[in-house]
Amino acid sequence: MGNWKDTSSLTPLRAAGFAVSMALIVGALASRPASAQSMPVSNDLIRSPDASATAAAADESGIAETPNITTSTVDNAAQGATTSPIAASDQKPSDEITGSILDEDMIRLNTREAPLDERLPARKPEPNPTFEETPGIRIGTFVLRPTITQSINTETQKDAGVSQTRGFLETDLHATLTSDWSLHQLSVTTDGAWQKNISGEGEEQPDFQIKGDLRLDLPQDTTAHITGGYHFYREDTDDPNALQNADKQSDVQEFSTGATIERDFGILRSSAGIDLSRAIYSDATLSNGTTVSLSDRNETSGRIRGRIGYELSPALIPFIEANVGKTVYDDAVDSAGYRRSGNSYGTKVGVELDMGEKLRGEVGVGYQTATFDDDRLSDIDAAVVDAQLLWSPVRGTDVNIGLLTSINPSTTAGESGYVSHALTTGITHQLRDNLTGSVLGGITYRDYPSDSPTSDETVYTTSAGLTWNINRYLDMTSTIGWELTSRKTTSDSEQWRAGVGLKLKR
């Protein structure tokens, strides 16, 4: 009996095995998570280890066979495909895995929420162009910032029962010239006022001043300052040294120069300086038209000073200061026959304060004395209380407090001089973004020696003003002021002044 010849390409046994294998593959694929479906599965995971031997046998028999996939192989492949995304979940997903770029917070289920008491950061105030510094005019390595104010004013003055009222135009000039150097600095400040009467009677009060300061930045925490200045003004009728009943007081020219050196030695702060000044007086014109020479008041003064401080902290530096000065008049003997040249001595202890924008300045107390070459002129001495404080209680409000004690020699016959105690205050407040108000006040007490024929005087001053910032380059100003000089034995004098003007800035 001949053998049965298999003419089919797929025997019944192999067909059954093929069906079982396909069912297992479909089941494994269906059990994988969606994230694993998008991952490409390598052929090595589904190929049996004896796939190459099976393929070789099929080639030898000339029959196409399907690789023999065992159940354990399929299960391992399915398990590897299922656990692979979980292991990779700690890493940032890439474009190959997700198909898009995702934010980390989108992956997290427990995203962070802001606490109920969380506060937003403080909002910075909006910049106001009207209060910003003008760009100025560049001149080489310097920047010039000029300001000119033109105003119309009225003034009423009462003295010894006589009242005078005048209307006048006043032109005020203020300019700063500052260097733009990487090392050292030169700054020049100019102030001037020119008046022109347009109605009534009264004396015009011109004033011009220029000051310069050259700062030298030297090695080893050393700084030097070289200063110089010139001041021209007309003596005030209320000045104790002014001539009574003068139609035009003397024009005064003051020249000044000085040098200061400052150096830090660890926590010690030291400084030393020398100041020189020169005063020249012109003739005064009396009400009857005659002139009086005041050249015997021309004098030259010099002073040497030194200070040393101890830094308890950057905001608190106690100090001690001493000075010695000498005054020499051009005429050894004045027109009244007195020798007014003399010496001065002083010492002071105090503390420097620097608490940032809130409070800074210094306060000191001490002793000052002045002697004269003429024995008929008594010495002048006084306890000194000096203070200069800048205080800002709230944003937009600045308070300036000054207290100054000084000795003022006299040129009146038989008078040695007086001690001046001056208290000044100034408050500036920003009422609106473009409106600023200011109030100034002061009291000056002139204390004469007990044997002086002149009685003590008290001067009260106050003024108020408004400045409207139209834009960065133009302001409108208005002021009103009052001054009273009270005397014990003679009549008082009083002055009122008011005016409006425009200020042009560049």
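Hydrogens, waters and symmetry mates are skipped; everything else that's a heavy atom, side chains included, is used.
- With sequence neighbours excluded, the residues that form a salt bridge (Lys or Arg N to Asp or Glu O under 4.0 Å) with Asp251 are Arg234.
- Between Trp181 and Phe142, the ring planes lie perpendicular to each other; the angle is over 60°, past the 30° to 60° tilted range.
- Contact check for Arg145 versus Arg506: no side-chain heavy atoms found under the 4.5 Å cut-off.
- Under the 3.5 Å distance criterion, the side-chain polar atoms of Asp296 are matched with a main-chain donor or acceptor of Ser335.
- Distance check: Tyr310 OH to Leu316 CG gives 11.5 Å after rounding to the nearest 0.5 Å.
- Within a 6.0 Å sphere centred on CH2 of Trp482, other residues, nucleotides and ligands contribute more than 12 heavy atoms.
- With respect to the salt-bridge test (charged N to carboxylate O, under 4.0 angstrom), the residues Asp217 and Arg215 qualify.
- The salt bridge (charged side-chain N to carboxylate O under 4.0 Å, His left out) contacts involving residues 396-423 comprise nothing, where partners must be two or more places apart or lie in separate chains.
- Distance check, rounded to the nearest 0.5 Å: CD of Gln150 to CD1 of Ile152 gives 9.0 Å.
- Among residues at least two apart or in separate chains, salt bridge (charged side-chain N to carboxylate O under 4.0 Å, His left out) pairs with a member in residues 338-349 are Asp334-Arg340, Lys348-Asp386.
- Within the 4.5 Å cutoff, the side chain of Pro240 has no heavy atoms near those of the Thr454 side chain.
- In terms of the salt bridge (Lys or Arg N to Asp or Glu O under 4.0 Å) criterion, residue partners of Glu235 (sequence neighbours excluded) are, by chain and number, Arg297.
- To the nearest 0.5 Å, the span separating NE2 on His429 from OG on Ser438 amounts to 12.0 Å.
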Check the pair Lys505 / Asp475 against salt bridge (Lys or Arg N to Asp or Glu O under 4.0 Å), numbers first and verdict last.
CA-CA 8 Å; Lys505 302 175 291 183; Asp475 295 343; 3.1 Å; yes
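- Minimum interatomic distance between Glu204 and Asn197 (heavy atoms only, all atoms of both residues): OE2-N, 3.1 Å.
- Using a cut-off of 4.0 Å between Lys/Arg side-chain N and Asp/Glu carboxylate O, Asp275 and Arg305 are scored as salt-bridged.
- No more than 12 heavy-atom neighbours from other residues, nucleotides or ligands sit within 6.0 angstrom of CD1 on Ile304.
- Residues Ser277 and Arg303 fail the side-chain proximity criterion, which asks for heavy atoms closer than 4.5 Å.
- Asp330 pairs by the salt bridge (Lys or Arg N to Asp or Glu O under 4.0 Å) definition with Arg278, not counting sequence neighbours.
- The pair Glu155-Arg166 counts as a salt bridge, with a side-chain nitrogen and a carboxylate oxygen less than 4.0 angstrom apart.
- Side chain of Asp354 to backbone of Arg360: no donor-acceptor contact under 3.5 angstrom is found.
- When all heavy atoms of Thr397 and Pro393 are compared, the pair lying nearest together is O-CD, 3.7 Å.
- Atom CG of residue Asp172 and atom CG of residue Asp191 lie 9.0 Å apart, to the nearest 0.5 angstrom.
- A distance of 8.0 Å separates CZ in Phe168 from OG1 in Thr154, rounded to the nearest 0.5 Å.
- Residues Thr190 and Phe208 have side chains in contact (heavy-atom distance under 4.5 Å, counting atoms from C-beta outward).
- The existence of a salt bridge linking Arg307 and Glu352 is confirmed by a sub-4.0 Å separation between a basic side-chain nitrogen and an acidic carboxylate oxygen.
- By the salt bridge (Lys or Arg N to Asp or Glu O under 4.0 Å) test, Asp374 pairs with Arg376, sequence neighbours left out.
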